[in-house]
Amino acid sequence: MTNAPPPPTSAAQSARTILTRLHEVMAARTNAQSKLNQVVGIIGECLDSEVCSIYLLREGALELYATRGLKQEAVHVTRLGLGEGLVGTIAEQIETLNLDEAAAHPDFSYRPETGEELFHSFAGVPIIRRERAVGVLCVQHAEPRRYEEIEIETLQTVAMVLSELIANADLVDTAARIDAGETDQSMQRLSGQKLVDGMGAGIAVFHQPRVHIEHTVADDIEAERHRVYAAFDKMREQIDRMASQAEFGVGGEHEEVLETYKMFAYDEGWSRRINEAIDSGLTAEAAIERVQQRTRMRMRQIDDALLRDRMHDLEDLSNRLIRIVSGQMGTAAQVGLRQDSILVARNLGPAELLEYDRRRLKGVILEEGSLTAHVIIVARAMGVPVLGRVRDVRTSIREGDMLLLDAAAGTLHVRPTQAVQDAFDAKLVISQKRRASLASLRDLPAVTKDGVPIELMINAGLREDVAALDLTGARGIGLFRTEFQFLVSATLPQRERQQRLYRDVLDAAGDRPVIFRTVDIGGDKALPYMNVDENALEENPAMGWRALRLALEREGLLKVQARALMEAAAGRTLNVMFPMVSEPWEYEAARQLFINQRAWLKQHNKKLPSAIRYGAMLEVPGLIETLDLMLPHLDFLSIGTNDLTQFLFAADRAHPRLAERYDWLSPTVMRYLARVVKMVAGSKVTLGVCGEMGGRPLEAMALLGIGIERLSITPAGVGPVKAMIRSLDLGALRRDVPAILAHPAANPRGQYLDWAQKHQVDLGE
Ligand code: PEP
Ligand code: MG
């Protein structure tokens with residue numbers, strides 16, 4: 001017969017009894033060791049366990065700090081490495097073990113000095129701080145038996161409180177040493193997808209800083225319950241608002257994520273478990289974290305990618321709830337960057353990124369992200385390297401860790417060793433040299449080896465971007481995204497503000513042309529201050545009420561912009577371009593609006609632009625069917641390959657899972673573009689490409705191969721693309737491209753790459 005104790009009436013009650021007693025111990029003015037001795041005594045007694053021990057991580061090993069039931073001589077003597085023995089396994093795997101026969105477990109490691117051979121059953125839980133194990137709390141029993149679920153729960157709750165106590169210098173003299181923040185300094189290497197090229201070093205700053213829970217034991221349970229109720233209400237409100245405003249719409253998966261958010265936010269089981277944790281004596285913050293820890297542990301055992309994603313969502317929501325309950329709601333941008341930093345986020349909106357100080361922002365790490373999402377375009381314009389699709393961010397990186405980002409290599413070094421840091425610095429010097437040699441191309445013409453001049457312009461969107469004209473030696477601005485001003489403003493920019501920006505840009509550009517694109521709002525560029533009811537329920541914002549569609553219906557908006565542009569360009573040539581034209585009548589309506597505004601200005605004796613050139617963007621594939629009808633009325637046509645390809649492939653440009661699925665060099669894109677070139681040839685319309693595609697040397701080469709001779713690209717691309725152009729025999733390429741288009745290989749990229757290598761084209765790689 002076993003003398004197993006009767007199970008406690010409820011996990012909450014037994015935890016609460018222990019927590020109340022622990023509270024008293026901690027408040028007492030005794031030294032750390034005697035506190036720990038009392039703690040193991042209380043836990044052992046309350047759980048009726050013959051042994052209760054606490055192991056803490058010290059100098060990389062788990063050291064027995066206190067025990068009731070094992071031999072006292074073993075205290076501070078028995079040490080187990082991470083992964084060694086049951087205790088080391090619990091800490092390494094961050095998992096709970098509940099065994100009726102400890103010695104039968106493959107990881108069991110016998111330590112004679114402890115006298116533990118007397119005990120058969122074993123249960124241990126990790127003591128976690130900042131998602132890392134800093135110790136292990138375990139109980140043992142002479143009789144073989146499994147501990148009840150509620151006893152395990154109690155141990156886990158107690159472990160949580162212990163983690164607060166351990167971090168508190170009162171408990172352990174050298175608390176700092178056992179805090180995971182200090183002990184685990186090992187380097188980690190994470191990999192991801194290059195979204196914006198470049199290298200950067202800085203400390204890790206989380207876009208949404210993690211709240212550190214300071215108090216885990218509740219003084220007033222009723223008050224804690226109220227705090228958590230109120231926080232749930234607020235969180236649900238926020239989620240509902242997000243859903244209705246599409247404010248969250250920065251990632252392609254946002255619909256799915258929002259649905260999951262909603263599901264969790266309204267999940268009774270989740271709120272019930274948090275309330276139970278509060279009943280056991282925890283504060284609201286600690287209760288939310290406690291439930292989260294439990295879920296994390298459970299999910300760790302399930303190998304299912306989909307579930308892991310959902311887990312991610314629950315983590316997000318849990319963090320949000322903790323931030324609400326603790327009143328710490330701001331993003332890192334509001335606090336400001338204090339030194340060179342690398343920003344870490346799940347995903348970001350373009351406006352959110354723009355809130356950071358460009359001088360100190362050295363890189364961005366995203367758990368999601370895709371090449372043509374607007375936040376990436378903004379980052380590219382800011383010259384900030386971005387690595388996307390990085391996994392295990394939360395478990396591998398801590399706030400303040402040193403990070404080295406090498407986007408081209410697709411790697412991120414966390415807490416680098418000196419050797420890695422030195423290698424990184426050396427590579428940085430080489431890349432700076434390469435940049436310097438590209439910069440030396442600045443004043444050289446973009447002409448192919450066989451003498452064909454190529455017009456290289458830059459894409460811009462902010463006042464500061466214009467400086468890139470001088471830095472790169474570009475011929476002008478081929479795409480000025482006017483909506484960026486709208487995105488960074490807290491309110492709708494009025495005409496004067498718009499006009500000031502346009503004038504500044506034109507002044508800075510001097511005699512170099514600037515093509516202003518009228519606002520492309522909507523899609524992933526939602527404006528929080530603009531009341532777009534009609535947009536509220538959009539399921540497909542990228543294909544929805546955006547860009548010219550919105551501008552033509554919000555005529556006031558477009559009229560104001562037209563006036564601002566014309567007044568800013570008084571006495572000079574104004575180049576204006578309309579986004580997302582789907583049918584000729586839309587272009588005609590927009591052009592007519594400008595003509596009317598011009599007439600109005602003339603009537604009011606305002607100074608007018610010396611000329612207005614009108615253009616359209618080709619982003620909607622269907623426009624090709626009526627392009628011939630539009631050509632006579634167009635001055636120029638600019639192909640926006642970002643949107644064009646998402647519509648050609650029916651693949652959301654911001655969807656992280658689709659980011660690498662389709663290639664710009666695929667025959668689908670290249671043949672389509674070749675058709676457009678053919679249609680436009682012979683007309684007076686100038687044709688160019690202004691999507692991200694043109695900013696990559698190999699893609700740019702392919703575009704030249706099918707007859708494109710004007711590119712507007714991200715400023716960072718000008719040097720590398722110019723180097724490619726100057727090393728290219730365009731005549732030879734044009735002779736060979738028809739064969740590639742006619743007989744595309746399974747990997748068309750390889751075909752262009754082979755050609756480039758064979759003909760010694762400088763692709764900079
Ligand atoms: C495009 O779609 O290719 C483009 C240049 O416009 P944006 O990226 O701003 O949508
Ligand atoms: Mg576009």
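Note that ligands are numbered from 1 as they come in the structure, with each ligand's atoms numbered from 1 the same way.
The nearest N, O or S atom of D520 is not closer to the Mg ion (ligand 2) than 2.8 Å.
Side-chain contact of H207 with Y356: a donor-acceptor pair under 3.5 Å is present, judged by distance alone. A donor and an acceptor atom, one from each side chain of T714 and N459, are nowhere located under 3.5 Å apart. A donor atom on one side chain and an acceptor atom on the other are found under 3.5 Å apart for S582 and R549. Checking Y502 against Q561 by side-chain atom types alone, a donor-acceptor pair falls below 3.5 Å.
Of all N, O or S atoms in E619, the one lying closest to the Mg ion (ligand 2) is OE2. Closest to the Mg ion (ligand 2) among the N, O or S atoms of D643 is OD2.
Heavy-atom contacts of G691 reach the following atoms of ligand 1: 3 (O) (cutoff under 4.0 Å). The ligand atoms of ligand 1 that sit less than 4.0 angstrom from a heavy atom of D520 are 10 (O). Contact atoms of ligand 1 toward L479: 5 (C) (distance under 4.0 Å to a heavy atom of the residue).
Residue contact check for ligand 1: M617 places a non-hydrogen atom closer than 4.0 Å to it.
Counting heavy atoms under 4.0 Å from ligand 1, residue D643 touches it through both backbone and side chain.
Atom CZ in R517 sits 12.5 Å away from atom CZ in F578 (nearest 0.5 Å).
Atom 2 (O) of ligand 1 has its closest protein heavy atom at E619 OE2, 2.8 Å.
Side-chain N or O atoms of R546 include none that pairs as donor or acceptor with a backbone N or O of D520 at under 3.5 Å.
Closest to atom 6 (O) of ligand 1 by heavy atom, among E483, Q646, R517, M577, is R517.
Of all the heavy atoms in L698 and R749, the pair that sits closest is CD2-NH1, 3.8 Å.
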